Structure formats: structure tokens, C-alpha cells
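Since the structure comes first, as C-alpha cells, the remarks are kept for the end.
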2 protein chains.
Amino acid sequence: MEPHEPDLTAVPVTNVLAALADDVRLQIVRALAEGGESACGSFDFGVSKATRSHHLRVLREAGLTRTRAAGTSRLVRLRRDELDKLYPGLLDAVLTQRPPA
Amino acid sequence: MEPHEPDLTAVPVTNVLAALADDVRLQIVRALAEGGESACGSFDFGVSKATRSHHLRVLREAGLTRTRAAGTSRLVRLRRDELDKLYPGLLDAVLTQRPPA
DNA sequence: ACCCTTGTTCGACAACTATCGAACGACGCC
DNA sequence: GGCGTCGTTCGATAGTTGTCGAACAAGGGT
């Protein structure tokens with residue numbers, strides 16, 4: 001089964017934005033941006049593994065991440081270069097933690 | 001009744017992104033970015049006026065636009081300065097028309 | 001071979017959202 | 001005052017999405 005990793009240019013902008021417009025997924029993206037390639041299991045944000053798997057699929061199908069198998073785990077990484085090339089400033093704008101004031 | 005125009009810093013990023021993650025709303029935002037302040041009625045993107053009104057409210061409540069009454073119309077404008085300050089690069093990244101290839 | 005760990009998939013369910021027509025309200029104009 | 005325009009709000013509906021538990025599949029270790 002192919003991992004469904006689309007060409008980023010083929011994904012409508014609205015899909016990319018929708019993928020980022022969820023708190024859990026944004027936390028995943030932040031963790032990936034900071035920690036680099038990580039196993040799915042490392043994202044414990046208070047949701048079940050079924051839900052986590054769902055969110056990872058949404059991110060993957062929106063062209064935001066790539067996944068590869070590694071033993072019994074799967075390693076996920078941000079497609080940062082492509083993202084920055086196609087949407088310069090988007091990730092930076094979204095990832096930056098804003099001051100609470 | 002106040003027009004519900006929140007402080008941008010009080011709006012969660014996910015709300016801003018969700019507001020942009022819709023094709024109709026993105027067209028509205030693009031039109032505003034190009035044409036400046038415009039009347040609600042100038043956005044005819046194949047939806048009813050009820051739906052248009054709904055989308056304009058979503059944009060307003062996400063802090064993306066401001067609305068003011070002007071006679072029988074209402075003029076909407078993009079809060080571009082604030083947006084660019086708080087999320088530098090976001091609008092630029094999203095507004096740029098992608099090459100179809 | 002067995003089991004444990006890691007993820008995915010499958011319903012199911014609740015919540016949200018985009019859409020519409022119709023009713024309503026506000027304003028300007030004749 | 002009366003009418004037409006512009007826009008909002010209401011109620012309904014169909015579709016999408018976030019969430020879960022349970023079942024399943026694939027690997028690694030012992």
C-alpha cells in the first residue's frame with residue numbers, strides 16, 4: 001500500500017491550511033520542526049493512537065510530512081524544504097510561539 | 001450589536017488557519033488583498049448571500065477583517081498590517097497564486 | 001512458536017460546518 | 001410613507017471531521 005504522499009504542488013492551498021488548522025496536528029508539526037524525524041508513538045498529545053494515526057494521515061495526505069517504515073515503528077518527518085519553497089514564510093509564521101501578551 | 005472583531009493576539013492560530021482553509025473565504029481574502037476595502041456584495045463567488053454573510057462573519061471573528069457600515073452597504077477590509085506583524089509571511093504565502101504546473 | 005510493541009483500519013458517534021431559502025431589519029430614495 | 005436594495009439571522013439539511021474502542025497486521029525479541 002502506497003503511503004499516499006502527494007506532490008505538494010498538486011495539493012490545494014486550502015488543504016494545507018486545513019491540515020494545519022487543528023491543535024493536535026499543529027503540536028505534531030511543531031514537534032517535528034524541533035525534533036526532526038520522529039516515530040509516530042512519540043506524539044502523545046492526549047489522544048488515542050487511533051486518533052493520532054488519523055492526524056498523521058491527514059498531514060501526510062496534505063503533503064506536509066513523509067513517512068517511512070523502520071522496524072516496528074514508522075518515522076515521520078516534515079517536508080520543510082518543499083514547504084518553504086512553495087509557501088515561503090508559512091511554516092515560520094505558524095510555528096512561532098506567540099507571546100501570551 | 002458590536003461587530004465582534006477580536007484582538008488578533010487573542011485568536012488561536014488554528015482559528016486563523018481554519019478561516020483561511022476554505023475556498024470561498026480564500027477568494028474573498030484575495031479580492032480584499034487586491035482591491036482594498038470592498039462592499040460585501042462585491043464578492044459573488046457562486047454562493048447565496050446568506051452563505052456569503054456566513055463566510056464574512058467567520059473571517060471577521062477570526063480577526064482577519066474589519067467591517068464598517070456605510071449607508072445601506074457594509075465595507076470590509078483586510079487587517080493586513082496586524083496580520084503581517086503577527087504572522088509574517090502568512091498572507092503572502094497563502095495569497096500568491098500557485099503556478100498550475 | 002509465542003508474545004509484546006507499534007500502527008493502521010473499521011465502524012460508530014458526536015460535533016461542527018457549508019449551504020440554502022425565507023423572514024427580517026436598516027437605509028436611502030422617490 | 002412606500003418601495004427596492006443590501007445585508008443579517010433563523011431553521012433545516014447534508015456533508016465533513018475529530019474522537020474512540022476494538023480488531024487486525026507486521027516486526028522483533030526471547
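Excluded from the calculations below are hydrogen atoms, water molecules and symmetry mates; all remaining heavy atoms, backbone and side chain alike, are included. Note that this is a predicted model, so its numbers are computed, not measured. Convention: sequence-line order gives letters A, B, ...; per-chain numbering from 1.
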Any A:L17 side-chain heavy atom under 4.5 Å of B:V94 side chain: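 In short, these two side chains touch, coming nearer than 4.5 Å.
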
Path from B:V58 to B:L20 over hydrophobic side-chain contacts below 4.5 Å: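 Per the 4.5 Å side-chain linkage, B:V58 and B:L20 are not co-clustered.
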
Euclidean distance, atom [atom1] of residue [X] to atom [atom2] of [N] [Å, nearest integer]:
| X | N | atom1 | atom2 | value |
| --- | --- | --- | --- | --- |
| B:D23 | D:dT16 | CG | C1' | 16 Å |
| B:L56 | D:dT8 | CG | P | 6 Å |
| B:E61 | C:dA18 | CD | C1' | 15 Å |
| A:L20 | D:dT17 | CG | P | 15 Å |
| B:R74 | C:dG28 | CZ | P | 13 Å |
| B:K49 | D:dT5 | NZ | C1' | 8 Å |
| B:H54 | D:dG15 | NE2 | C1' | 13 Å |
| B:D22 | D:dT17 | CG | C1' | 14 Å |

B:A19 backbone acceptor or donor facing B:R25 side chain under 3.5 Å: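 Flag set: sc B:R25 to bb B:A19 pair under 3.5 Å.
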
Heavy-atom closest pair, residues A:A93 and B:Y87: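 Where A:A93 meets B:Y87 most closely, the heavy atoms are O-CD2, 3.5 Å.
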
Tell me what [X] touches on the nucleic acid: a base, only sugar-phosphate, or nothing, going by heavy atoms under 4.0 Å.
| X | result |
| --- | --- |
| A:H55 | sugar-phosphate |
| B:T51 | base |
| A:V58 | nothing |

N or O in side chain of A:R57 less than 4.0 angstrom from C:dT9 OP1/OP2: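 Answer yes for this pair, as a side-chain N or O of A:R57 is under 4.0 Å from OP1 or OP2.
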
Phosphate OP1/OP2 of C:dG7: any A:S73 side-chain N/O under 4.0 Å: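 Result: yes.
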
Electrostatic pair B:K49-B:D44, nearest N-O below 4.0 angstrom: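 No, this pair does not count.
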
Residue closer to the 5' end of DNA chain C, B:A21 versus A:A39 (nearest nucleotide):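 That would be A:A39.
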
A:A50 vs A:A18, nearer the 5' end of DNA chain D by closest nucleotide: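 Counting from the 5' end, the first nearest nucleotide belongs to A:A18.
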
Given D:dG18, C:dG7, C:dA18, the nucleotide with the shortest approach to the side chain of A:R25: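 Of D:dG18, C:dG7, C:dA18, D:dG18 is nearest to the side chain of A:R25.
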
Closest to side chain of B:T72, choosing from D:dT19, C:dT9, D:dT5: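 The answer is D:dT5.
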
